Amino acid sequence: MQKEDNLKDIISHAKEYGFVFPSSEIYDGLSATYDYGQLGVELKNNIKSYWWKSMVQMNENIVGLDSAIFMHPKTWKASGHVDAFNDPLIDNKDSKKRYRADVLLEEYIEKIRAKIDKDVNKGIKRFGDDFDKNQFLATNPNVLRNMAKIEDVEERMKDTLGKDDLEGVYNLIIDLEIVCPVSGTKNWTEVRQFNLMFSTELGSVSGDAATIYLRPETAQGIFVNFLNVQKTGRMKIPFGIAQIGKAFRNEIVARQFIFRMREFEQMEMQFFVRPGEEMKWYEHWKNQRIAWHSKLGLGEENYRFHDHIKLAHYANAAADIEFNFPMGFKELEGVHSRTDFDLKQHEEHSGKKLQFFDPEMNQNYVPYVVETSIGLDRMFLAVLSSSFKTEKLENDSERVVLSLPAALAPFKVAVMPLTKKDGHPEKAREIMNALRLEHNCAYDEKDSPGKRYRRQDAIGTPYCVMVDHQTMEDNTVTIRDRDTMEQDRVSIDELASIIESKVSMTNLLR
RNA sequence: GCGGGCGUAGCUCAGGGGUAGAGCAUCACCUUGCCAAGGUGGGGGUCGUGAGUUCGAAUCUCAUCGCCCGCUCCA
């Protein structure tokens, strides 16, 4: 309860201060689509920068890539997205539950299979050692009838699903008298097609336009460039390719603020390794990634690993790094051992060899892949939600503060004159002009100093520099800390180096 | 798609048939000067949209649109 209210407060705060706006708001918005505002884009860029530097700059065997969102349609055939994520859905009107129509049919077949097994077991009991299973399967009338039924259903499934004949799928469900496991009724809606991928058309001449998809993950752009990068960069296994980019998924339900959107941004790194060594690297990257998170200081207790038991079609090991969001622990990042599935698929579909000659082993092989994949928008929400605090102060007043990691804050420092006269504003401008060469700075001379401090607290600015009467005499200013609210008096000459030491991303990368 | 909630100023909300309100924010001026909340004045809303009832609708009815929450899917 309290946590959900918290999410509402965060959404309001994000909008009020220009971090995140509902998309197309003047037209009443577009479901689950958001725009990053003037402060949001800064925070987002800083997160990207931290990730990119820690991957590409800090690892000499990892290089970057920026591949196109449009890709050849065969890409998605090879990756399995075309076949695996075209789901026909059907609703039961009584239980209000939604099912995948093909799963309902498969479950039906499973039930018949179970019947056959039951008959076989009966046979074993009756005939003992003399029981000939093959003969039994070939002759028992019950079994034959059920086998024929399975074959018939499978035939019709192939026929209808293969041709996207949704009415045929519906008729099949009705004919087989399949009931909803929850309500037990046959009160079904029509079957509707659900496509995970957004499609559009390439080619300006209508009629000969080809359907292309907006990529549902950035990973495939990396796989199809494996050879390009390996050869032109003279990369030796093990090596990695990192990429930050938008991806699109037509989620049935896209909700919970920026946690699940149809248009989102991923930060992915695919690491190519020697077959057989993938588990070593899988462990390595799990450790690296959690360390990356830890350095931000959002709270160790807010993270946990969740190992996948049911693995995707391409993986032989997978773990999520989950974060304690306002809605509870949810997936923030995935570390997956993708085997050689993707490269092999692309070899098969493209007819090109996607292999690496390993001089040490003196042989060619298709590398195995270990992937780290983090949702940038989710990371943004993790940082924002764990930084958002309402504090009760001693004098009974309240303070809303974003205790963002200093290196990620949109503004690193706010410069302000104590008064609007006596040369204070001029001096403050002068200081700011020097600092802005290195840092994003804010300037504020409106309202009382206390009010200005609070404003900066609300947007997470870690430091405020105040020009006062003493500044005019001895060239010193006060620097005020967002988290402790304490002030130090320092010389203007050392200001740049003091701030640099406190807000630099170097602190995170070390 | 189903169920529930909600649409009034930039934000948070009040008002429930009789000419649109408050606090905060914003802008200008005066005052003040180190941790929100001094003064005066100003700008800003056809109360989501459309229809109906009524002399009169933000308010009642119906429809519609949008957002939020839950369920089904999720590499």
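Proteins come first, then strands; the chains are lettered A, B, ... in the order of their sequence lines, and each starts at number 1. Everything numeric in this text was worked out from a predicted model, so none of it was measured. Just so you know, these numbers use all the heavy atoms, side chains as well, and skip hydrogens, waters and symmetry mates.
- Listed for the A/Gln243 side chain is a donor-acceptor partner under 3.5 Å among the backbone atoms of A/Thr218.
- Contacts between residues 373-381 of chain A and RNA chain B, defined by a heavy-atom separation below 4.0 Å, involve no residue at all.
- Contacts of A/Phe21 with the nucleic acid, taken as non-hydrogen atoms under 4.0 Å apart, are absent.
- Between A/Phe325 and A/Phe323, the ring-plane angle classifies as perpendicular under the 30° and 60° cut-offs.
- When atom types are taken as modelled, the side chain of A/Lys412 and the backbone of A/Ala409 share a donor-acceptor pair closer than 3.5 angstrom.
- The aromatic ring centres of A/Tyr34 and A/Phe257 sit less than 6.0 Å apart.
- Along RNA chain B, the nucleotide closest to A/Lys15 and the one closest to A/Lys421 are compared, and the more 5′ of them pairs with A/Lys15.
- Contacts between residues 459-469 of chain A and RNA chain B, defined by a heavy-atom separation below 4.0 Å, involve A/Met466, A/Asp468, listed by number.
- With a 4.5 Å cut-off on side-chain heavy atoms, A/Thr339 and A/Val369 do not count as touching.
- Checked options A/Glu42, A/Met379, A/Glu265; the residue passing with A/Ile47 is A/Met379 (criterion: side chain to side chain contact (heavy atoms under 4.5 Å, CB included)).
- Pair check for B/C35 finds none; no Watson-Crick or G-U wobble contact set falls under 3.5 Å.
- If you check every strand for non-hydrogen atoms under 4.0 Å, A/Asp457 touches nothing.
- When the P atom is used for both B/U26 and B/U19, the distance is 32 Å, rounded to whole Å.
- Here the separation of B/G41 from B/G23, taken at their P atoms, is 13 Å to the nearest Å.
- B/C27 and B/G44: their P atoms are spaced 16 Å apart (whole Å).
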Quiz: residues 413-421 of chain A side-chain donor-acceptor pairs under 3.5 angstrom, not counting sequence neighbours:
residue: A/Thr419; atom: OG1; partner: A/Lys421; partner atom: N; Å: 3.2
residue: A/Thr419; atom: OG1; partner: A/Lys421; partner atom: O; Å: 3.2
residue: A/Thr419; atom: OG1; partner: A/His424; partner atom: ND1; Å: 3.2

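- Taking the C1' atoms as reference points, B/A51 lies 25 Å from B/G15, given to the whole Å.
- If you take atom P in B/U54 and the same atom in B/C65, they sit 27 Å apart, rounded to whole Å.
- Applying the ring-ring contact (aromatic ring centres under 6.0 Å, His included) test to residues at least two apart or on different chains, the pairs with a partner in residues 374-401 of chain A are A/His13-A/Phe388, A/Tyr36-A/Phe380.
- A sub-4.0 Å separation between OP1 or OP2 of B/C69 and a side-chain N or O of A/Lys8 is absent.
- Cation-pi check for A/Lys286 over A/Phe305 is met; the charged atom lies under 6.0 angstrom from the ring centroid and within 45 degrees of its normal.
- Distance from the side chain of A/Arg455 is smallest for B/U26 among the nucleotides B/A36, B/G10, B/U26.
- The nearest whole Å value for the distance from the CD atom in A/Gln456 to the C1' atom in B/C34 is 15 Å.
- Within 4.0 Å of A/Arg452, counting heavy atoms only, lies at least one base atom of the nucleic acid.
- Considering only side-chain N and O atoms, A/Tyr34 lies nowhere under 4.0 angstrom from the phosphate OP1 or OP2 of B/C67.
- Contact between the side-chain N/O atoms of A/Gln256 and the OP1/OP2 oxygens of B/C68 is not found at any separation under 4.0 Å.
- Near-neighbour residues of RNA chain B inside residues 477-489 of chain A, defined by a heavy atom below 4.0 Å, number-ordered: A/Thr478, A/Arg480, A/Met485, A/Gln487.
- Candidate nucleotides B/G33, B/C68, B/G10 were compared by shortest atom distance to the side chain of A/Leu418, and B/G33 ranks first.
- Among B/G33, B/C35, B/U26, the nucleotide with an atom closest to any side-chain atom of A/Thr419 is B/G33.
- Across all strands shown, B/G50 forms a Watson-Crick or G-U wobble pair with B/C62, both key distances being under 3.5 Å.
- With hydrogens and angles ignored, a donor-acceptor pair closer than 3.5 Å exists between the side chain of A/Arg260 and the base of B/C74.
- Applying the Watson-Crick and G-U wobble criteria (two distances, each under 3.5 Å), B/A28 pairs with B/U40.
- B/C24 sits 9 Å from B/G39 when the P atoms are compared, rounded to a whole Å.
- Side chain of A/Arg452 to backbone of A/Asp444: a donor-acceptor contact under 3.5 angstrom is found.
- B/G21: Watson-Crick or G-U partner is B/C13, with both key distances under 3.5 Å.
- Of the options A/Glu217, A/Met269, A/Gln270, a side chain to side chain contact (heavy atoms under 4.5 Å, CB included) to A/Ile222 is made by A/Gln270 and by none of the others.
- Proximity of A/Lys446 to the phosphate of B/C27: a side-chain N or O atom is located under 4.0 Å from OP1 or OP2.
- A search for side chain to side chain contact (heavy atoms under 4.5 Å, CB included) contacts involving A/Pro405 returns A/Leu296, A/Leu298, A/Val383, A/Ser387, A/Leu408, not counting sequence neighbours.
- Under a 3.5 Å cut-off, the side chain of A/Arg215 and the backbone N or O of A/Ala68 do form a donor-acceptor pair.
- Look at A/Ser448 and you won't find any side-chain N or O under 4.0 angstrom from OP1 or OP2 of B/C34.
- As rounded to the nearest Å, B/A20 and B/A36 have C1' atoms that lie 30 Å from one another.
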